[in-house]
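Notes for the one structure printed next.
Computation of the quantities below employed the complete heavy-atom set of this structure, encompassing side-chain atoms and omitting hydrogens, waters and symmetry-equivalent molecules. Labels below follow one simple rule: chain letters A, B, ... track the order of the sequence lines, proteins then strands, and each chain is numbered from 1.
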There are 2 protein chains.
Amino acid sequence: MMKKSTKLANKSAQSAEPASARGEVPASNRAARAQERRAAIVEAAMEEFIARGFAATRLDDIAKRAGVAKGTIYLHFKDKESMFEELVRIVIVPVVARLTALPPPTGSVRDLIEAFASNFLKEVIGTRRGDLVRLIVAEGPRFPAVADFYYREVVSRGIAAMRALIELGIARGEIREKDLARYPQILVAPAMIAVIWQSLFARHAPLDAQDMLRVHLDLIFGERRTT
Amino acid sequence: MMKKSTKLANKSAQSAEPASARGEVPASNRAARAQERRAAIVEAAMEEFIARGFAATRLDDIAKRAGVAKGTIYLHFKDKESMFEELVRIVIVPVVARLTALPPPTGSVRDLIEAFASNFLKEVIGTRRGDLVRLIVAEGPRFPAVADFYYREVVSRGIAAMRALIELGIARGEIREKDLARYPQILVAPAMIAVIWQSLFARHAPLDAQDMLRVHLDLIFGERRTT
DNA sequence: TGACTATGACTGACTAGTCAGTCATATTTA
DNA sequence: TAAATATGACTGACTAGTCAGTCATAGTCA
């Protein structure tokens with residue numbers, strides 16, 4: 001049973017990713033149905049965990065939101081805690097996969113990084129995924145497994161990729177500050193701050209993240225000549 | 001029987017009291033004692049909330065840590081929620097007070113900002129206060145009152161102060177990037193990232209925050225001529 | 001000063017309620 | 001129909017908040 005659900009989990013990670021199965025075709029076979037349910041649970045759990053945090057989230061609410069009985073959740077996940085951990089994996093893996101599919105190294109380093117930034121802007125800042133980042137920051141200390149996973153799969157890879165880009169930029173003479181390669185965090189920091197800002201302070205003082213990131217890149221690469 | 005057990009309980013509660021009134025002056029009057037207890041509760045609650053988050057923190061644990069009965073907490077705070085909100089205020093206000101006592105504008109803007117940074121490094125990054133920042137990021141969305149307060153008292157003031165410094169730097173020709181004044185967040189971002197990094201990833205990859213901030217300032221002001 | 005009373009800070013057992021996880025039963029599928 | 005799934009009522013552990021009772025201290029009086 002454990003095995004089975006795990007297997008299903010892998011499969012569903014894909015279909016679980018975007019929208020859930022709301023009022024769709026009854027799904028011919030059992031496996032497909034199970035997938036849909038699982039996806040609905042993942043989607044619902046995501047919403048609830050983001051909105052309330054781990055401890056304050058009720059499984060009853062997740063079940064209700066997913067349109068499923070509470071017992072059904074336990075057919076797919078061992079318990080609340082491992083559910084949360086698995087959830088983070090399920091949602092993050094496709095993101096990593098997409099990021100790993102790097103755009104071809106054409107054009108200037110600045111263009112490359114700008115492409116990254118605009119992608120990040122569209123896909124993360126101010127979206128559910130952005131909230132997930134905040135959730136990980138919030139729960140990380142209480143879920144070492146989550147923090148470890150996130151560091152290994154996202155942070156360390158991201159840092160390495162940024163470092164490579166920075167070194168390329170330095171080699172090509174686009175970036176002056178050579179020490180920047182030692183702290184790719186500096187390159188990423190404003191983007192992360194934008195994520196947090198949007199979920200905490202957007203109502204007090206909306207932040208034009210796109211413009212801010214542009215200014216930050218100007219700082220690193222020097223002002224743009226072209227318009 | 002009730003009497004007896006209560007009496008014994010009292011005794012044990014006292015001897016169990018580790019934190020506050022150990023070896024201190026017994027506090028002459030009641031008011032002073034009450035203050036001590038209140039302080040002990042605040043301290044204990046801080047630790048517990050930081051370690052477990054709001055929802056997962058038990059008032060019994062706070063009471064035990066403070067060396068106080070649970071009922072005593074309710075003599076000082078209305079309930080768990082308002083306790084948390086008040087707590088943030090209590091801890092943050094003195095910090096704001098200290099920051100408001102700005103150092104005199106002597107020397108270069110870079111020196112000024114460097115003084116700020118080194119202060120931040122010492123007083124926030126990797127300390128209990130740093131954890132508090134993370135706690136606010138974590139609980140903010142569920143405690144609008146806390147997020148509001150934090151924005152009003154800390155963020156907006158900090159941003160304003162940084163903006164003033166940046167404008168001064170631009171006026172004096174120390175800072176090239178004029179648009180930076182529009183986004184003081186960029187100046188502060190690496191410091192915030194350092195705070196978060198320390199509490200989430202320090203064990204995986206320790207971060208030399210001091211050096212990183214130096215590099216970041218080099219980026220903004222240009223490399224230092226002096227060693 | 002010493003005895004006696006009043007005060008209110010403090011206690012912790014208790015109540016009422018919540019919620020993760022279970023499992024006997026019902027439903028659906030092949 | 002047998003097997004596989006799904007359900008949701010139920011259980012027991014746990015906890016926020018209460019309150020009747022205690023007792024060290026402050027205040028008063030002789």
Side-chain angles (χ1 to χ4, degrees), chain A residues 1-5 7-8 12 21 25-41 44-45 48-49 52-85 87, chain B residues 1-17 19-21 25-41 44-45 48-49 52-85:
Chain A
M1 177 241 184
M2 183 70 183
K3 277 186 188 173
K4 197 164 189 178
S5 73
K7 188 181 166 194
L8 291 174
S12 78
V25 189
S28 50
N29 60 54
R30 315 232 281 216
R33 260 189 114 87
Q35 289 314 326
E36 278 172 18
R37 280 173 185 279
R38 198 188 157 86
I41 292 170
E48 294 290 329
F49 280 133
R52 312 180 130 68
F54 176 80
T57 290
R58 287 174 293 255
L59 290 192
D60 283 310
D61 289 347
I62 293 177
K64 194 191 290 182
R65 187 189 276 262
V68 144
K70 185 157 64 156
T72 306
I73 292 175
Y74 286 88
L75 300 176
H76 293 274
F77 301 96
K78 182 171 154 286
D79 57 18
K80 191 185 177 186
E81 196 163 320
S82 57
M83 179 187 186
F84 178 70
E85 296 182 2
L87 213 67
Chain B
M1 179 239 184
M2 179 72 178
K3 280 184 184 176
K4 197 167 191 178
S5 70
T6 298
K7 190 180 168 190
L8 290 174
N10 280 339
K11 259 190 166 177
S12 72
Q14 283 179 7
S15 61
E17 183 184 18
S20 61
V25 186
S28 50
N29 58 53
R30 312 231 281 216
R33 262 194 115 87
Q35 281 317 318
E36 276 173 22
R37 281 172 186 279
R38 193 188 158 88
I41 292 170
E48 294 290 327
F49 281 134
R52 310 179 133 69
F54 176 80
T57 290
R58 288 175 293 256
L59 289 190
D60 282 311
D61 289 346
I62 293 176
K64 194 191 288 181
R65 187 189 277 263
V68 145
K70 184 155 66 151
T72 306
I73 292 175
Y74 287 88
L75 299 176
H76 293 275
F77 301 94
K78 180 171 154 286
D79 57 18
K80 193 184 178 189
E81 201 163 309
S82 56
M83 179 187 188
F84 178 70
E85 297 182 1

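- Summarising the geometry, the separation between CZ on Phe84(B) and C1' on dA16(D) is reported as 17 Å, rounded to the nearest angstrom.
- Atom CG in Leu75(B) sits about 9 Å away from atom C1' in dT11(C), given to the nearest Å.
- Rounding to whole angstrom units, CD of residue Gln35(A) and P of dA6(D) are separated by 11 Å.
- Residue Glu81(B) contributes atom CD, which lies 13 Å from atom P of dA16(D) at whole-angstrom precision.
- Side-chain N/O atoms of Arg37(B) include one lying less than 4.0 angstrom from OP1 or OP2 on dT11(C).
- Residue pairs satisfying the ring pair (Phe, Tyr, Trp, His ring centres under 6.0 Å) criterion with at least one member in residues 61-83 of chain B, sequence neighbours excluded, are absent.
- Remark: Asp60(B) pairs with Lys70(B) by the side-chain contact (heavy atoms from CB on, under 4.5 Å) rule, at least two apart or across chains.
- To the nearest angstrom, C1' of dT22(C) lies 15 Å from NZ of Lys78(A).
- Taking the side-chain contact (heavy atoms from CB on, under 4.5 Å) definition, one finds that Gln35(B) meets it with Arg38(B), sequence neighbours left out.
- At whole-Å resolution of the value, OH in Tyr74(B) and P in dA9(C) are 18 Å apart.
- Evaluation of the salt bridge (charged side-chain N to carboxylate O under 4.0 Å, His left out) rule for Glu48(B) yields Arg52(B), Arg65(B) as partners, not counting sequence neighbours.
- Ring geometry for Phe49(A) against Phe84(A) counts as perpendicular: the plane angle is over 60°, on a 0 to 90° scale with 30° as the lower cut.
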Distances under 3.5 Å between protein N/O atoms and the N/O atoms of nucleotides 17-19 of chain C, please, pair by pair.
| residue | atom | partner | partner atom | Å |
| --- | --- | --- | --- | --- |
| dC19(C) | OP1 | Arg58(A) | NH1 | 2.9 |

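- His76(A) has no side-chain polar atom (N or O) that falls below the 4.0 Å cut-off from OP1 or OP2 of dT5(D).
- Closest to the side chain of Asp79(A), from the set dT7(D), dG21(C), dA16(D), is dG21(C).
- Between Phe54(B) atom CZ and dT15(D) atom P the separation is 14 Å, expressed in whole Å.
- Interatomic distance, Leu59(A) CG to Met83(A) CE, rounded to the nearest 0.5 Å: 6.5 Å.
- Nucleotide dA16(D) holds its P atom 11 Å from the CE atom of Met83(B), rounded to whole Å.
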